[in-house]
Amino acid sequence: MLSDITIGQYYPGNSLLHRLDPRVKILLLLLLMAEIFIFASWTAYGFIIALTCALMCCSGVPLKVLLRSLRPLLWIIVLTFIIHLLGTPGETAYQLGVINITWEGLSRGTFICLRLMLLILLSSLLTFTTSPVKLTDAMEALLSPFRRFGLPAHELAMMMTIALRFVPTLIEETDRIMKAQQSRGVDFTTGSIFTRLKAMVPILVPLFLSAFRRADELALAMEARCYRGGVGRTQMKALAVTRLDYIAVFLMIAMAAGLSVLAWLD
Amino acid sequence: MGSFIEIEALEHSYQAADGAGRKALGGVSLSIGRGEFVAVLGANGSGKSTLARHLNGLLLPSSGHVRVEGMDTRELAERGELWQVRSKVGMVFQNPDNQLIAAMVEDDVAFGPENLGVEPLEIRRRVKESLEAVGMTRFRKRAPHLLSGGQKQRVAIAGALAMETDCLVLDEPTAMLDPQGRKEVLEVVKRLHRERGLTVILITHFMEEAMEAQRVVVMDKGCSVMEGTPREVFARGEELKALGLEVPLAGELAARLRQAGVPLPKEAILTVEELLQGLQALRGKAHVH
Amino acid sequence: MSIELKNVSYTYMPDTPMERQALMGVTMTLERGRFYAIAGHTGSGKSTLIQQICGLLTPTSGEVVVEGVPLKAKSKEGKKQAALAKRKIGLVFQYPEQQLFEETVAADVAFGPRNQGLTEEEIARRVQKALALVDLDYEAYGGKSPFQLSGGQKRRAAIAGVLAMEPEYLILDEPTAGLDPKGREAILELINTLQKGGKGKEPMTIIMVSHAMDDILRLADEMFVMQEGRLTASGAPAEVFERWDVLSEAGLEPPKLLLLMERLREAGLAERGPVRNLKEAVQAVKRGLGKC
């Protein structure tokens, strides 16, 4: 059944990472990403890889599940590796006809791939340990300073919330409409791409109509519950920073400082 | 005790696609007392949903007035203060899927008080209490799409309660539910009315639900055509049927028996007990003869 | 001539944590020309069952045979036969008006026949016939947008879309859900007429999923009770409704008419014997009184 699909890849748990404030998690992720780009040395990467491994261990998410997040981007990683392997000039390590593999290429390819994998794993750690609802709240909180420049932070977050609520419902609905049209003889599986696209019309039209109707009714329901935009609104689950967050921030800043010193010494 | 909601010569016209106005309500006057349980009965297109949406200012009168605790909805709208009415008059809609906003039950119940700017701790208290009141505490961490229709409607009711509403307007809350869900929702509504003195306005086309009310208003073509206690209204079986509505089964059987020449007493027969009494009286006479 | 379900089981998402067995060993026979009703609590497997009958889902084990043709076929010829057999079955989903999508009512009704690859002439004939069957005037409504119709009319237009495919078996999943009493009565009347046939029309086999026990009692020749994926009772409604233990276990309530008659009988005011509708109830009471 289509309806069993969940959005995002939240892995429920109560680990140290789960308990961190989502705003802190996002900021620290950004800091780490910056470090990955700025401190491009093997020593620095050694520390960052060690940290990533440590985080993976205390995330409470099985290693298999974590590594699965690399799969969709595996081809890009492999391709990047090959491009760097073949395209970097330098001392030849291996030659086969026109293909010239250099030591520099090997080192650079490995480095870039490591960078990609670290970026993916670290952002996955965020989404694995933070529920979409919390992510949305954090996004709203972090973007709210930009409101004065006209960024609709609250509205964006509300859109996210509604999307999270309605995606499963709409998936269920798609499933039902598809079956209904199938029983009226639509064939989605054979024919040219054009005929298949045409076969989608009887599904898309009812789906859009229903989505509009839902939007309409939802707007009424929100109005009936005194929704007036973000102004004057409070939140039941207001995000709160705890000691754990301070410790995490302290450790991460210490690490950034250490890496800076290391880079300066180099 | 004055009336809580006062509807005075309320008219409402929709703007149709061709620019012409279509009258959905043609002069409804009605007053609803605090703590009353009123059912509004009518076939589809009778204007009953339009009426419901005037009660909390989702629609504004084309002419006439709607006043909630003396506050005129049109005046409030001009001042941009309709939320004052909306927090007093909570609303539950027909489609259980299209009125829950958050991806988790307790977050959804919190939505109303959050909009009203209530303190977080107080919201928690209200959410807890509202979920208890509708018996959904066990499901507070669930995603709404995993609930049954009846459960979703109970969550919607909790959402209104969390705004500390005085009045609940339910716009065909059971039309899309199975019998089990229908029963669940009606039980909760009846209990809230009984135990908390909540004013309840139940819009429905189910006769059994209207029977539970203290007063029934029957709508047809945008007008209120009958009003009275359930007994008074359902005694007019033929008229109700002409409006495309149901009548209680015992009353229907009594009417058929009369048609078939069984000389049942003239008094209205609505319940099984009354039918039993009527028939027993007949048998009594037969014994005498 | 019948549809046969032989020991049909079905599991959603097997071998995953979401695995859920929706049907367990269901065996039933649906004879041509009769009116069947399926009752059961939400989640009892009714929807899965009807999707099995019309071949939208394939059983995990067991088989569905439509007029001698097994729907689960491996050979090319067998698959062709199965596809033809499936055409004999029409399915009207819950809230079928939600599947309307064409610009006009006539075009929407024509959608099914067109997918079957019929000639334009034949399609036009079928559209007119189907709209007439559901009591929507072709001249008045054929050219209208389906979205201009009232709730009850939309539903009838959607049913016409299935009827235009001229199924011999018609499955309806809660066809009266969400309608007001008048709309409900109109749909039930339509279904009853289809099943009776007459006026040169073949009687149609009806399989109706319903929560309204009084409707089942009044209309169905035979009913099936589903509970947690199993078939727990089947037979004539009057007999099945006698078995209150099975009903209450399945979360169903007996028809209100039967509850009323039971009270009258206890008081000696109505004769014993099966009662299916108000007319028969009047007779039973008259005879009960006559005995006094």
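Reminder, nothing fancy here: chain letters follow the sequence lines and each chain counts from 1. The figures that follow rest on heavy atoms only: side chains count, while hydrogens, waters and symmetry mates do not.
Looking only at heavy-atom pairs under 4.5 Å with chain A, the residue among B/I123, B/N98, B/V118 that has the most is B/N98. Taking chain A as the reference chain and counting heavy-atom pairs below 4.5 Å, the highest number among B/A162, B/A160, B/G159 is found for B/G159. Chosen from B/A110, B/G117, B/P113, B/G112, the residue pairing most often with chain A at heavy-atom distances under 4.5 Å is B/G117. No other option in A/A238, A/G230, A/A221 has as many heavy-atom pairs under 4.5 Å with chain B as A/A221.
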| said: Test salt bridge (Lys or Arg N to Asp or Glu O under 4.0 Å) on B/R74 and B/E8; report intermediate values, then the result. | reply: CA-CA 13 Å; B/R74 257 198 307 192; B/E8 191 188 312; over 6 Å; no
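More than 12 non-hydrogen atoms from other residues, nucleotides or ligands lie less than 6.0 angstrom from CZ of B/R79.
Using a 4.0 Å cut-off between charged nitrogen and carboxylate oxygen, B/E122 and B/R126 count as a salt-bridge pair. Between B/K152 and B/D108, no side-chain nitrogen of the basic residue sits less than 4.0 Å from a carboxylate oxygen of the acidic one, so the salt-bridge criterion is not met.
Listed by sequence position, B/W83, B/R86, B/S87, B/M91, B/F93 are the residues of residues 82-94 of chain B in contact with chain A, using a 4.5 angstrom heavy-atom cutoff. Listed in order of number, the residues of residues 44-60 of chain B that approach chain A to under 4.5 Å between heavy atoms are B/R53, B/N56, B/L58.
A donor-acceptor pair shorter than 3.5 Å cannot be found between the side chains of B/E184 and B/Q151. Judged by distance alone, the side chains of A/R184 and A/Q181 do bring a donor and an acceptor atom under 3.5 Å apart.
Every residue meeting the ring pair (Phe, Tyr, Trp, His ring centres under 6.0 Å) condition with B/F111, not counting sequence neighbours, appears here in chain and number order: A/Y227.
With respect to A/I120, the side-chain contact (heavy atoms from CB on, under 4.5 Å) criterion is satisfied by exactly one of A/I76, A/I77, A/L125: A/I77.
Applying the salt bridge (charged side-chain N to carboxylate O under 4.0 Å, His left out) test to pairs two or more places apart or on separate chains, those with a residue in residues 229-248 of chain A are A/R233-B/E114, A/K237-B/E106, A/K237-B/D107.
Distance check, rounded to the nearest 0.5 Å: CZ of B/R154 to CG of B/L161 gives 12.5 Å.
Using the six-membered ring where Trp is involved, A/F146 and A/F149 have ring planes that are tilted, between 30° and 60° apart.
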